Every structure is written in structure tokens, then in C-alpha cells.
Amino acid sequence: MVGSVLLERMQAEGDFAGLEPEFFSTSQVGIPGPAIGGEARPLADAYDLARLARHDALVSCQGGDYTKQVLSSLRESGWQGWWIDAASAKRMDPDSTIVLDPVNRGVIDRAIHDGVRNFIGGNCTVSLMLMALHGLFREGWVEWVSAMTYQAASGAGARQMRELVEQMKFLGDRADGLLQNPAAVALDFDRCVADGLADDEFPQDQFGVPLAASLIPWIDRLMESGETREEWKGFVEANKILQTPEAIPVDGICVRVGAMRCHSQAFTVKLRRDVPLDEIESVMGSANDWVQLVANQPEATRRSLGPAFVSGGLSVPVGRVRKLRMGPDYLGAFSVGDQLLWGAAEPLRRIFHILREHAD
Ligand code: HSE
């Protein structure tokens with residue numbers, strides 16, 4: 001899915017101009033690949049190391065197992081090209097840089113200068129948090145952040161997106177009779193949905209439990225610390241991206257909700273000092289070209305700060321910005337972003353450009 005979105009974005013931005021791309025597959029070798037410049041060449045074998053090694057740069061959206069298997073063999077064979085990857089397998093390795101250039105261009109430039117060859121896109125939730133709170137981090141105002149997330153089905157995978165829609169349909173179909181009956185009351189609908197969720201036929205092969213009309217406060221596997229791996233990534237990846245002199249605590253609870261492809265997050269930010277709210281808003285709203293400050297007003301919030309308004313776009317709205325009751329140095333905020341774009345594909349196509357610029 002990330003590969004498809006990346007391809008769409010690269011075509012939309014004319015990124016293939018001047019390149020000689022070759023497309024590889026682990027499972028569909030030989031079928032026609034994407035028609036770039038009008039010509040659809042057959043997909044090459046993604047395990048053909050000699051063929052991969054002909055290229056100056058390789059971009060992988062294949063997943064961590066593929067990275068583990070192929071990258072070390074390529075390096076052992078002497079390949080010195082740029083490896084650009086969406087998977088998490090190499091993110092925390094010392095010979096990799098996590099890329100989110102609107103936020104860490106300086107880190108990226110230093111890495112290129114130092115000869116780093118592996119550039120990896122960050123976890124979607126982390127990248128979207130940093131895009132949204134960029135200004136606060138840049139000013140050095142953040143002492144710690146708690147991010148409570150509302151993560152879309154797409155983060156779990158393509159099959160899970162389909163299953164979410166199947167779950168919605170299952171419940172909708174069961175409620176059809178009630179919806180035709182003007183006398184049906186709220187508790188009738190509630191019973192109907194509850195019965196549907198408990199039905200043996202309820203489609204839940206992928207999630208294992210209902211997501212539609214419910215939520216799942218668990219993403220990825222348990223770490224020894226009691227965090228999920230998704231929560232752990234929030235701290236380690238954010239700090240690897242930012243590379244501040246002292247690590248900034250980032251923690252929270254990651255929750256899967258029934259959105260399709262946009263992750264939302266509610267933040268509590270402990271500021272290092274009491275910065276006036278208007279100054280905070282001005283810094284947050286102008287930190288990069290994609291963050292959009294949403295006024296802390298009901299209509300503006302309802303009409304722009306939700307997955308329904310952000311899906312398929314590059315903007316990262318951030319709103320509900322206000323000082324919290326805990327004290328003048330506690331800030332609340334809420335943000336939404338498309339996890340397939342800024343959360344996955346966009347940092348990859350942008351690092352590709354940056355590396356081309358360096359190579360020219
Ligand atoms: N791990 C994320 C999720 C998506 O499950 O939503 C990829 O970064």
C-alpha cells in the first residue's frame with residue numbers, strides 16, 4: 001500500500017524525470033510493472049542481488065523481513081548505494097538515519113556528509129507528531145510529551161482496512177430492518193449492534209476482535225517495559241529524528257480506531273517555561289509548509305480536525321491548542337494526518353530528492 005501511494009506521489013510530482021527506474025517484486029516477477037514514461041517493463045526479481053546492485057539507489061516498501069534478508073547481502077557484496085526504506089527493521093541501527101526532512105534536515109545533511117547510506121522513514125505516528133509539534137520542538141520548549149493516539153486501520157495493513165469495512169457492513173446490514181422502522185429507539189439499535197459484535201459470523205479474522213463500533217487499545221507487541229512496541233517507538237524514534245542533546249520523554253497509549261487512513265493524536269505537552277499562547281500558536285502554525293493551525297472553536301474544529309477532512313492530503317492540522325488546568329506550562333493539542341502520506345510515502349520521496357541533489 002505504501003508503495004502504491006509512493007508511486008502515485010512520485011508520478012504526480014514528476015519525480016521520475018531524468019531517472020532510469022527499474023521495478024522489482026518479490027512475488028510478481030515478470031508481470032508488467034508500472035508504465036513510467038509510457039513503457040511498462042516486466043517486474044524484476046527483488047531477490048536478484050546482482051540486478052539490484054546495478055542501481056545507485058534502492059527504495060523498498062516491502063517490509064522488514066525483506067530488508068533484513070537483502071540489505072546485508074547487498075552490503076556484503078560491496079554495494080555502496082543509497083538504501084531508502086519504509087520498514088522499521090533498520091530504523092534504530094547506528095548506520096541508519098530516520099528521515100523527516102521538514103523537521104530534521106540538519107540531521108540528514110550531516111548524515112550524508114558523514115557517509116551514511118541507509119535512510120529510513122519513521123513510524124507514521126512519530127512522523128505525524130513531529131510534523132504537528134515541529135515548532136515547539138524547534139524552539140526547545142518541550143520538556144516532555146504525552147501522545148494518546150487514535151490510529152487508523154491502514155496502519156495495521158491493507159487486509160485490515162478491508163475488514164473494517166466488512167465489519168461496518170455486517171452491522172449496517174443487521175440494522176437495516178430497524179432503520180426502516182421509525183418507531184425503533186436508541187436501545188434497539190444498541191442491542192442490535194451488541195448482538196452483531198457478538199455474532200460468530202462477525203468478520204474479525206484480521207483484527208481478532210471488533211474495531212467497528214469499538215476500539216483496540218493495543219498496537220504491535222508487548223515490550224518488557226509494559227509499553228507496546230508502537231508506544232516504545234514514540235520515544236526512541238522521535239529522539240533519533242530530533243537528536244537533541246538530551247532525550248525528550250515521549251510516551252502515551254496507542255489505540256486503534258475505526259478510521260481508514262488517518263492517525264489522530266491528543267497531546268499533553270509539558271513546556272520548559274510559561275510561553276504565551278499567542279506566541280505558541282504563531283510558532284506552531286508556521287513551523288513548516290504543511291502544519292495548519294485550527295482555531296480552538298467548535299465549527300473550525302469539527303470541520304477540519306478529523307480523518308474525514310485530512311484523508312488523501314498532505315496537510316497536518318493541529319488544533320485544540322490551549323493551556324491545561326495543570327498549570328501555565330502545560331499545553332493541550334490535537335492533530336490529524338494521513339498515515340500513508342506524511343506517515344510513510346512522503347518522507348521517502350523527499351529523501352530521494354535530497355540524495356539526488358547531493359549526487360549532482
Ligand atoms: N505501526 C503503525 C500502525 C503504522 O500500526 O498504525 C506504521 O507506522
Side-chain angles (χ1 to χ4, degrees), residues 1-6 9 59-67 84-93 96-100 103-104 119-132 147-165 204 206-209 211-212 214-223 227-241 250-267 306-307 310-312 314 316 335-351:
M1 200 162 39
V2 174
S4 304
V5 174
L6 178 62
R9 284 288 300 138
V59 182
S60 171
C61 297
Q62 184 60 36
D65 291 340
Y66 176 76
T67 300
I84 299 171
D85 198 343
S88 65
K90 270 210 73 68
R91 271 188 210 141
M92 294 310 296
D93 289 358
S96 298
T97 294
I98 307 181
V99 291
L100 185 64
V103 173
N104 75 341
F119 294 91
I120 321 293
N123 168 269
C124 46
T125 319
V126 175
S127 297
L128 292 169
M129 171 185 73
L130 292 177
M131 290 296 288
M148 299 296 185
T149 73
Y150 306 76
Q151 297 185 218
S154 56
R159 285 193 294 267
Q160 284 80 352
M161 289 175 83
R162 184 184 176 95
E163 186 170 273
L164 173 60
V165 177
Q204 52 187 27
Q206 302 302 324
F207 287 112
V209 289
L211 181 62
S214 189
L215 54 77
I216 309 170
W218 193 278
I219 296 176
D220 211 333
R221 63 180 163 81
L222 176 65
M223 307 288 285
E227 296 159 293
T228 64
R229 192 169 148 79
E230 186 78 356
E231 290 152 7
W232 171 82
K233 286 177 181 173
F235 172 68
V236 296
E237 289 193 21
N239 280 288
K240 183 162 178 179
I241 291 170
V250 177
D251 210 343
I253 292 178
C254 293
V255 180
R256 185 78 65 208
V257 298
M260 289 300 279
R261 60 181 276 185
C262 289
H263 285 3
S264 308
Q265 308 186 54
F267 304 111
V310 175
S311 186
L314 286 163
V316 182
S335 176
V336 188
D338 188 312
Q339 74 90 214
L340 294 172
L341 287 169
W342 273 117
E346 200 62 12
L348 300 188
R349 63 164 287 274
R350 292 175 63 90
I351 186 65

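Hydrogens, waters and symmetry mates play no part in the numbers below; they use all other heavy atoms, side chains included. In listed order, ligands and their atoms are each counted from 1. Quantities reported herein were computed from a predicted structural model and do not represent experimental measurements.
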> Would you find a donor on one side and an acceptor on the other, under 3.5 Å apart, between the side chain of Lys233 and the backbone of Gly122?
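Looks like no, no N/O pair under 3.5 Å.
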> For atom 1 (N) of ligand 1, what's the nearest protein heavy atom and its distance?
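Here the nearest protein heavy atom works out to Glu230 OE1, 2.8 Å.
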> Could you tell me if the side chain of Trp232 sits less than 4.5 Å from the side chain of Arg221, heavy atoms only?
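A side-chain contact under 4.5 Å is absent here.
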> Of all the atoms in ligand 1, which lie at a distance below 4.0 Å from a heavy atom belonging to Ile219?
5 (O)
> For ligand 1, which atoms have a heavy atom of Asn123 less than 4.0 angstrom away?
1 (N), 8 (O)
> What atoms in ligand 1 come closer than 4.0 Å to a heavy atom of Gln339?
4 (C)
> Any side-chain heavy-atom pair from Leu341 and Arg261 closer than 4.5 angstrom?
yes
> Donor-acceptor pair, Glu163 side chain versus Phe207 backbone, under 3.5 Å?
yes
> Using heavy atoms and a 4.0 Å limit, tell me yes or no: is Lys233 in contact with ligand 1?
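No.
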> Is the shortest N/O to N/O distance between Gln151 and ligand 1 below 3.5 Å?
yes
> Is there side-chain contact between His263 and Thr149, with at least one heavy-atom pair below 4.5 Å?
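In short, these two side chains do not touch, never coming nearer than 4.5 Å.
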> Please assess Val255 against Tyr150 for the test side-chain contact (heavy atoms from CB on, under 4.5 Å), listing each intermediate value before the final yes or no.
CA-CA 5 Å; Val255 180; Tyr150 306 76; 5.7 Å; no
> Provide the number and element of each atom of ligand 1 under 4.0 Å from a heavy atom of Arg256.
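It comes down to these atoms of ligand 1: 3 (C), 5 (O), 6 (O).
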> So which of Cys124, Gly343, Ser88 gets nearest to atom 4 (C) of ligand 1, if we judge by its closest heavy atom?
Cys124
